[in-house]
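Data first, discussion second: the structure below is written as structure tokens.
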Amino acid sequence: MNNPEIKKKKNLLFETGRKLALTGTTFGFPTLAYARYVEPNWLDVSHQTVPVDALEGIGQGIKGFKAAFFSDLHLPDKGPASDTLWLAVERALLERPDLALLGGDMFDHGKYNPVMADMVRVLTGAGIPVWGVLGNHDYFGRRGEYLRIMKNLEEVGLKWLVNRAEPFEYRGAQIWLAGIDDFVKGEPDVAETARQIPPGVRPLILLSHNPATIKTLPPDFAHVMLCGHTHGGQINPALPPLNRKLNWVKFRPGSHHYSEFVLGWYTYNGIRLYVGRGLGMSGLKMRFNARPELVMLKFE
Ligand SMILES: [Fe+2]
């Protein structure tokens, strides 16, 4: 036991443990505080562009068309929305988009909170039409609550794209918008959505909450698809570009959160997919290396 070699090894082990504990205390608490109090309030207005020339069958007339994409607001059951959400609305207004799109998970537990209607009213009041789809969390409420959500928001001007396709006029050009219901909790009906689109027309923008939906679509179904759901990992240990690879959303096959499309741009089956990080949080109310994101999509 008194062997000096063993004693040396024990001391080394103790010293390493002490250093690790010290490092954890020094960096652990600030990191937790940052993830809890700083990053969730650190809005990223992310400007994304799509070259019109690369879109087959789309006229030059849509150059300049701009959409604001909000997803994963995760509003509480009652009470006000976070400052980040209101800041996103304010920043969207400043960008003067031609329309606003909601990518689902507006309500954290699927319980209608009238603050969502206030946000829609602010946008429509500024002359910005609002369209949306539901996310899995919007279905978490008591039986039929999602119908109340749909009715209440429709009353303040939100137009639903839940298995729907509709044209939108932009400077004399006709743009088709479409949406598919949530992949996990909804009743996604691609065929019904496709039935509403005239033959030969490819929607410019397709909305669906969960990026996994893209695998259920026929090739070239839409030009651009916008999704949320993954929160960019929400708590994501890896720095770019590895944050698209090393995060828990990507490593949980079998979970309904699992997605090989975690954040940013992808091309799949001829569809340009953008997965936004969303604005709110689910589960642990923290964000790390996945700042809340308001997506400003511009065709140019
Ligand atoms: Fe979400």
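Indexing begins at 1, ligand by ligand and atom by atom, following the structure's order. The figures here come from the full heavy-atom set of this structure, side chains too, leaving out hydrogens, waters and symmetry mates.
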### Task
Starting from Phe140, walk the hydrophobic network (Ile, Leu, Val, Met, Phe, Trp, Tyr; side-chain heavy atoms closer than 4.5 Å) and list everyone else you reach, by chain and number.
none
### Flag side-chain contact, heavy atom, 4.5 Å: Glu169 against Gln174
yes
### Parallel, tilted or perpendicular: ring planes of Tyr112 versus Phe107, cut at 30 and 60 degrees
tilted
### Task
May I ask you to list the protein N, O or S atoms found at less than 2.8 Å from the Fe ion (ligand 1)?
Asp72 OD1, His74 NE2, Asp105 OD2, His231 NE2
### Query
What's the verdict on side-chain hydrogen bond (donor to acceptor under 3.5 Å, both in side chains) for His229 and Asp105, showing C-alpha distance, side-chain angles and the deciding distance?
CA-CA 8 Å; His229 184 62; Asp105 275 9; 4.6 Å; no
### Query
Parallel, tilted or perpendicular for Phe299 and Phe65, by the 30°/60° rule?
tilted
### Summary
Nearest heavy-atom approach of Phe168 to Pro129 is CE1-CG, 3.7 Å
